[in-house]
Student: 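The structure's right below; bear with me while I get my questions together.
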Amino acid sequence: MKDTSPRTGLFPSQALATLVLWLSLPLYFLQATWLHGATRAPVWGQRGLVATVSPLASEAGATILRQGGNAADAAVAVGFALAVTWPAAGNLGGGGFALVRGQDGKSTFIDYRETAPAAADKNFYLDAKGEVIPGASTVGYRAVGTPGTVAGMAMLHKKYGKLPWKKVLEPARRLAIEGFVMDESFVSMLESNKERLEKFPGSRHIFLKDGKGFKAGDRLVQPELGWSITQIQRQGESAFYQGEIAQRLAKAIKKGGGVLTLDDLKNYKAVERAPLEGRFKNYQIITAPPPSSGGALILAMLGMLEKDDLEALGFGSAAYNHLLVETMKRAFADRAEWFGDPDFTQNPLQKFLAPDYLSKRRAGINLTKTTPSQDIKPGDFSDKESTETTHYTIVDAQGMIISNTYTLNGSFGSGATADGTGILLNNEMDDFSSKPGSPNMYGLLQGDRNAIAPKKRPLSSMTPTIVLEDGKPILALGSPGGPTIINSVFQVTLNTLVFGMNIQAAIDAPKFHHQWMPDRILSEPFGINPDTKKIMQSMGHNFGDRVFQFGDVQAVFYDKKRQQWSGGSDSRHGGSVAVE
Ligand code: GLY
């Protein structure tokens with residue numbers, strides 16, 4: 001057809017198209033900064049940012065920042081608020097780890113992990129025949145370790161906070177007393193834990209409305225929890241460990257057949273430890289020391305990949321996935337053997353993290369063929385996973401960062417709420433090895449180093465982490481998910497540092513998990529495309545039947561170009577980033 005359009009000038013339609021193109025260019029560049037498959041843009045802030053799984057808790061933290069608090073104050077406010085608004089994992093009756101980086105550049109680690117009651121020993125969950133009693137370490141009062149959260153929050157506040165204690169607990173108190181409106185996902189979380197919660201009248205009353213159940217749009221008011229928070233506001237941590245709350249906790253636990261006593265509560269201490277530190281390429285990694293295995297495994301996995309050009313392999317390629325899976329298998333094989341509470345057992349970290357050892361481990365990886373797990377080390381894991389535990393990350397306007405992971409262990413912990421306190425109790429005792437050779441609820445097999453002993457802390461996978469470049473923090477993150485925590489933190493770290501994804505895209509990107517045994521890869525829905533999967537299968541990889549979402553990463557990332565912090569909150573559980 002003959003072209004009749006003029007050679008010079010533009011038709012109105014062409015002019016319009018050009019105008020639209022020019023006008024949309026800023027939009028293109030704006031989008032280009034956050035698309036990459038992300039569900040939404042990162043949140044940018046000129047001052048502080050608070051990333052948590054619960055929008056109400058994020059807002060509680062941001063409120064405290066606006067009132068002149070620092071990141072430590074906000075972290076305490078969020079810790080208490082999540083106990084109200086995210087009861088599956090937020091807690092006063094559990095424990096966790098807070099990684100702190102002060103504006104002075106000093107880092108520290110507050111270990112407020114639960115401890116075994118004095119009456120528990122290595123045979124605590126075994127019957128007369130020496131077999132593990134099913135459910136004993138996971139459901140009800142015998143599963144409860146001495147909670148550390150209130151002591152940890154008090155230590156964080158005393159050493160690093162600046163607002164009055166009473167003030168930082170106020171948002172949580174109000175959320176408990178005045179209640180909040182539950183959305184669909186909150187109600188379905190209650191519904192999916194119904195079986196466990198209805199075994200305990202206190203939990204049934206609060207979370208299942210005495211069996212009548214809640215629907216989205218209903219308000220959840222927790223007056224007993226509000227009373228407990230008020231006591232702690234007035235008397236500090238002693239209310240929980242020695243006062244009326246302690247009396248009620250000990251009474252409820254005794255009545256329910258547990259062994260945790262007033263003395264266990266009185267003797268509980270949070271501990272400040274030196275964080276683990278290591279390097280990956282140009283970055284300095286600050287992370288969780290034992291009793292977490294997570295930090296050591298992150299450093300080991302990154303260490304194995306130190307010399308690899310991961311970017312050249314390409315995100316999501318079979319070669320990249322293969323290399324990561326092989327790295328995970330080797331690190332998790334060592335986890336089972338080597339780790340436990342550092343106050344009870346020696347963790348051979350120097351040997352485990354020695355560059356020579358890690359290069360040898362890396363050299364053992366065949367780039368075209370998987371090494372069957374049984375050839376790396378024997379073991380046995382079940383398929384079970386839980387996504388509970390929760391992480392939050394806060395940066396304040398002065399640059400203080402708190403990366404905090406805490407937990408009740410299973411969803412809603414032991415399921416039991418201590419009468420008259422509104423406090424859900426953990427089932428952290430299941431993180432010990434009840435019997436060498438018997439997997440725990442995460443399918444993790446663990447050795448004697450993690451056997452139960454009075455006052456001992458169970459081995460954890462929680463991995464709050466902060467990354468520095470040229471001495472300045474650029475990334476802080478963490479995740480829930482039992483052993484998948486470690487691989488979630490590993491992959492999101494690589495997504496940002498190696499592939500340059502923005503923080504939201506890095507979090508949203510699908511992940512996969514291998515924990516050495518059983519010898520199979522678990523991947524998220526649509527996580528590995530069928531062609532890549534076929535290539536990986538031809539290399540010998542097995543894929544688990546279960547496809548499920550894991551990780552709920554909450555993170556902040558410093559954008560050097562914008563000279564601004566950005567926050568990302570995992571869309572998998574509806575979290576949010578609040579701005580100061
Ligand atoms: N309770 C899960 C963990 O500490 O790894």
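Keep in mind it's a predicted model, so treat the numbers as computed, not measured. Order of appearance sets the numbers: ligands from 1, and atoms from 1 within every ligand. These values consider heavy atoms only, across backbone and side chains, with no hydrogens, waters or symmetry-generated copies.
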Student: Given Thr389, which of Asn91, Thr407, Asn409 fulfils the side chain to side chain donor-acceptor pair (under 3.5 Å) condition?
Tutor: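 Result for side chain to side chain donor-acceptor pair (under 3.5 Å) with Thr389: Thr407.
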Student: Determine, using ring centers only, whether Phe339 and Phe352 are less than 6.0 Å apart.
Tutor: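 Between Phe352 and Phe339, the centre distance is under 6.0 Å.
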Student: Show which atoms of ligand 1 fall inside a sub-4.0 Å distance from at least one heavy-atom site of Arg113.
Tutor: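 Once the distances to Arg113 are compared, the set is 4 (O).
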Student: Give the numbers and elements of all ligand 1 atoms closer than 4.0 Å to a heavy atom of Met462.
Tutor: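 Answer, ordered by atom number: 4 (O), 5 (O).
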Student: List every atom of ligand 1 that sits less than 4.0 Å from any heavy atom of Ser460, numbering the atoms from 1 in the order shown and giving each element.
Tutor: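 With Ser460 as reference, the close atoms of ligand 1 come out as 3 (C), 4 (O), 5 (O).
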Student: Assess Arg520 against Phe543: is NZ or CZ under 6.0 Å from the centre of the six-membered ring, and within 45 degrees of the ring's axis?
Tutor: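 So Arg520 doesn't make the cation-pi contact.
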Student: Does only the side chain of Arg457 get under 4.0 Å from ligand 1, or the backbone, or both, or neither? Count heavy atoms.
Tutor: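 The answer is neither; Arg457 stays 4.0 Å or more away.
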Student: Check for a donor-acceptor pair, side chain of Asn427 on one end and backbone N or O of Gly415 on the other, with a separation under 3.5 Å.
Tutor: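 Not a single qualifying donor-acceptor pair exists.
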Student: Of all the atoms in ligand 1, which lie at a distance below 4.0 Å from a heavy atom belonging to Ser461?
Tutor: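 The list of qualifying atoms is 3 (C), 4 (O), 5 (O).
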Student: Please identify which atoms of ligand 1 are closer than 4.0 Å to at least one heavy atom of Asn409.
Tutor: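 Answer for ligand 1: 1 (N), 2 (C).
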Student: Who are the ring pair (Phe, Tyr, Trp, His ring centres under 6.0 Å) partners of Tyr125, not counting sequence neighbours?
Tutor: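 Partners of Tyr125 by the ring pair (Phe, Tyr, Trp, His ring centres under 6.0 Å) criterion come out as none, since no residue qualifies.
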